[in-house]
**Q** 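Take a look at the following structure, please.
Lettering follows sequence order; numbering is per chain, from 1. Just so it is clear, the model here is predicted, and its values are computed rather than measured.
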Number of protein chains: 2
Amino acid sequence: MPVTIRDVARVTGVHVSTVSRTFSAPHQVNAETRHRVLAAAEELGYRPNRAARALITGRTHNIGLIVADIANPFFPPLIKAAESHARGRDYHVFVADTNEDASVEEELVLALAKQVDGILLCSPRMSNAQIEKLSRDVPLVIVNRPVPGLPAVVMDVGQGARLAVEHLVALGHHDIALLGGPRGSWTNREIRKSATLAARSLGAELTIFGPNPPTEDGGAAQLDAVLQAGVTAVLAYNDLMAVGLIDALDHHGVKVPDQISIVGIDDTALSRRTRPTLTTVATPTAAAGRAAVDMLLQHGDDRRTTALVTLQTELVIRDSSGPGPHSPAGPGGRLQPPHDGVAS
Amino acid sequence: MPVTIRDVARVTGVHVSTVSRTFSAPHQVNAETRHRVLAAAEELGYRPNRAARALITGRTHNIGLIVADIANPFFPPLIKAAESHARGRDYHVFVADTNEDASVEEELVLALAKQVDGILLCSPRMSNAQIEKLSRDVPLVIVNRPVPGLPAVVMDVGQGARLAVEHLVALGHHDIALLGGPRGSWTNREIRKSATLAARSLGAELTIFGPNPPTEDGGAAQLDAVLQAGVTAVLAYNDLMAVGLIDALDHHGVKVPDQISIVGIDDTALSRRTRPTLTTVATPTAAAGRAAVDMLLQHGDDRRTTALVTLQTELVIRDSSGPGPHSPAGPGGRLQPPHDGVAS
DNA sequence: CTGAAAGCGCTAACAC
DNA sequence: GTGTTAGCGCTTTCAG
């Protein structure tokens with residue numbers, strides 16, 4: 001049923017190796033022969049079997065992309081950027097979802113290993129040691145975590161967290177909560193570290209809650225803790241958690257940003273959808289996807305080039321952050337009017 | 001570098017076929033030999049090469065999943081459901097994104113064809129003829145479109161559209177607009193057909209705008225057309241377009257649902273995020289993903305079983321739909337209070 | 001420029 | 001129960 005190189009050879013009256021060359025090294029074959037082969041292939045509906053080819057060349061022209069959760073709006077832009085970038089270089093991208101589970105992650109890497117030329121491992125939950133071990137089976141590029149000795153692309157969320165804290169303190173907030181993300185996340189550690197440092201140097205008080213699942217429910221679940229802590233501002237591990245908390249606060253009758261300010265991280269499409277719109281740290285996800293593909297592909301050429309690419313982040317101020325009790329504009333005052341906020 | 005079956009055989013002192021059997025038919029090999037082989041394999045870090053295995057067995061234990069746009073919140077729940085369902089049956093899912101482009105779609109099917117045991121083609125933009133042709137290269141299950149002779153799973157959006165129109169008419173709307181979706185979409189045709197029929201039988205006036213790209217921008221772009229048409233209610237091809245239109249109306253100072261009612265389709269996570277929250281038709285996407293996997297896997301066993309699975313939809317009434325000019329509760333009246341709506 | 005032969009990593013009869 | 005032999009679809013020396 002499936003038409004092979006042999007069928008084309010028989011029909012054309014040439015040897016299989018000639019047919020093979022027609023596809024893998026066209027210029028090495030006589031123009032006329034080539035046309036006959038191509039015509040026969042076309043007619044028979046022949047398609048080279050990439051898997052069989054890979055068995056011998058060692059290159060599949062596929063790359064794997066493993067993410068923790070496809071439904072997290074953080075990932076789709078990264079995935080799409082990686083895909084279109086890879087397609088332009090004649091590579092296909094296979095995406096797989098781990099459900100935030102480290103063991104599924106390992107299983108997927110192993111399963112993909114022989115079917116791809118390399119894997120983009122995004123926001124891994126495994127330990128560095130596990131990752132290093134896996135990297136002996138298949139070229140890996142890590143996204144959202146620096147792993148010593150391996151190529152990685154990270155976004156400078158530490159800087160983003162610092163900007164967020166500075167923003168809140170400038171608005172007059174003194175007691176700030178940080179909603180931590182999942183255990184095992186480098187991003188999470190980075191955010192905690194930077195936020196703590198920034199708060200200390202600005203004389204603000206930072207209370208950390210977590211670890212938490214990086215979801216809306218994870219954010220909502222910290223409602224009571226946040227209220228009891230008596231903070232006037234919250235920085236969340238990501239937009240999803242920020243959104244979950246905003247909803248929970250809303251149901252509880254607490255006004256954002258009037259009674260409490262909320263800042264997210266990621267600047268997903270969601271952040272323009274919330275009510276009020278979300279102040280958040282923008283992470284360059286599309287650029288990260290493209291950079292990771294580039295590193296993987298060049299990594300193949302020169303295995304000794306292990307680099308760390310760091311992408312900058314920036315603070316996007318929207319309506320979920322407002323003046324705090326120590327506002328220079330006076331209590332309840334406003335440094336900047338909301339674009340679209342709830343009128344007071 | 002990569003350790004093969006042969007290395008294991010050499011170390012263990014048995015023939016390669018024994019090693020092979022240890023992995024593909026363990027009970028056919030002596031328990032003690034098996035343990036020795038397994039131990040050696042473990043020690044060497046041997047992993048069966050699935051691609052090589054597939055070359056001879058014809059089964060890759062992979063399934064492909066092609067969607068139009070990963071960033072469309074309609075798809076992630078379907079993808080995740082398909083993935084976890086497949087994993088439970090020892091299959092891996094490779095996801096690819098076509099960017100709503102029919103030619104990319106074809107290319108991806110062909111590229112995936114030999115690396116998977118079958119493909120779940122979601123919301124295809126290709127013609128039926130193209131799809132049938134491709135189905136000769138690889139088993140296909142179509143999602144969101146019935147293709148004669150091929151297994152497919154669809155959601156009854158026609159019924160959903162009818163429910164939506166009935167809902168709007170019951171609220172007192174008479175002039176309704178339908179924002180059509182993309183050309184080539186079966187779902188779009190179905191919605192148009194059912195909405196038209198429902199409107200006619202209820203004595204309402206339905207104006208159709210489109211085709212449109214199924215995105216927020218696509219919805220926003222129809223703002224002027226909708227306003228000029230003087231309709232009091234709009235049914236959109238999907239939630240994304242509905243949301244885009246709601247935003248555009250908001251910027252234009254038009255109140256939803258007071259001045260115009262909006263109904264979406266899909267019940268994505270987005271629909272609880274809009275302001276006001278979105279009345280929409282819920283489509284069982286997770287169930288569709290699982291059903292499609294089941295069909296693909298059983299389809300392999302019995303090629304003659306080509307079936308069409310139709311999943312029911314239902315109307316979820318939220319706050320973006322309100323009484324129209326012919327409301328039984330009187331003009332401007334309210335049949336049901338909003339859960340969370342804008343106070344008038 | 002083209003044919004012959006070997007072999008990628010693995011499985012599947014078939015013997016022993 | 002295990003070794004032998006062939007071969008999946010393709011590329012790649014090496015001759016000619």
**Q** Which nucleotide in the list D:dT11, D:dG9, D:dT2 gets nearest to the side chain of A:Ser24?
**A**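 Of all the options, the side chain of A:Ser24 is nearest to D:dT11.
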**Q** Given the structure, check if the side chain of A:Arg50 and the base of D:dG9 hold any donor-acceptor pair shorter than 3.5 Å.
**A**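 By the distance-only test, no, there is no pair.
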**Q** Atom CZ of A:Arg6 and atom P of D:dC10: how far apart are they, to the nearest Å?
**A**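 Distance check: A:Arg6 CZ to D:dC10 P gives 8 Å.
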**Q** When you look at CZ of B:Arg47, are more than 12 heavy atoms from neighbouring residues, nucleotides or ligands closer to it than 6.0 Å?
**A**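 It does not: B:Arg47 CZ has 12 such atoms or fewer within range.
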**Q** How close do A:Asp117 and A:Thr60 get, heavy atom to heavy atom, and via which atoms?
**A**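 So the minimum-distance heavy-atom pair works out to OD1-N, 2.6 Å.
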**Q** Expressed as a whole number of angstroms, how long is the span from A:Phe23:CZ to D:dG9:P?
**A**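 One finds 15 Å between P of D:dG9 and CZ of A:Phe23, rounded.
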**Q** I'd like the 5' and 3' limits of the part of DNA chain C contacted by chain B, with heavy-atom contacts below 4.0 Å.
**A**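 Span of nucleotides near chain B: C:dC8 to C:dA13.
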**Q** Is there a donor in the side chain of A:Arg6 and an acceptor in the side chain of A:Tyr46, or the other way round, less than 3.5 Å apart?
**A**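 Checked: A:Arg6/A:Tyr46 side chains show no N/O donor-acceptor pair below 3.5 Å.
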**Q** Taking the minimum atom-to-atom distance to the side chain of A:Thr57, which one of D:dG1, D:dC10, D:dT12 wins?
**A**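 The closest nucleotide is D:dT12.
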**Q** Rounding to a whole Å, what distance do you find between B:Leu55:CG and D:dC8:P?
**A**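 Nearest whole value for this atom pair: 9 Å.
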**Q** Between D:dC10 atom P and A:Arg21 atom CZ, what is the distance in whole Å?
**A**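 Taking atom P of D:dC10 as the reference, CZ of A:Arg21 is at 15 Å.
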**Q** Where does DNA chain D pair, written as one dot-bracket string 5' to 3', with Watson-Crick or G-U pairs under 3.5 Å, ( ) inside the strand, [ ] for crossing pairs and | for another strand?
**A** ||||.|||||||||||
**Q** Ignoring hydrogens, what is the shortest heavy-atom contact between A:Ala113 and A:Ile119? Give both atom names and the distance.
**A**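 Scanning both residues, the minimum pair turns out to be N-CD1, 4.4 Å.
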**Q** Of the listed nucleotides (D:dT12, D:dT2, D:dC10), which one gets closest to any side-chain atom of A:Ser17?
**A**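 Nucleotide nearest to A:Ser17's side chain: D:dT12.
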**Q** Regarding B:Val19, tell me which of base, sugar-phosphate or nothing describes its non-hydrogen contacts under 4.0 Å with the strands shown.
**A**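 If one applies the 4.0 Å heavy-atom cut-off, B:Val19 turns out to touch nothing in the nucleic acid.
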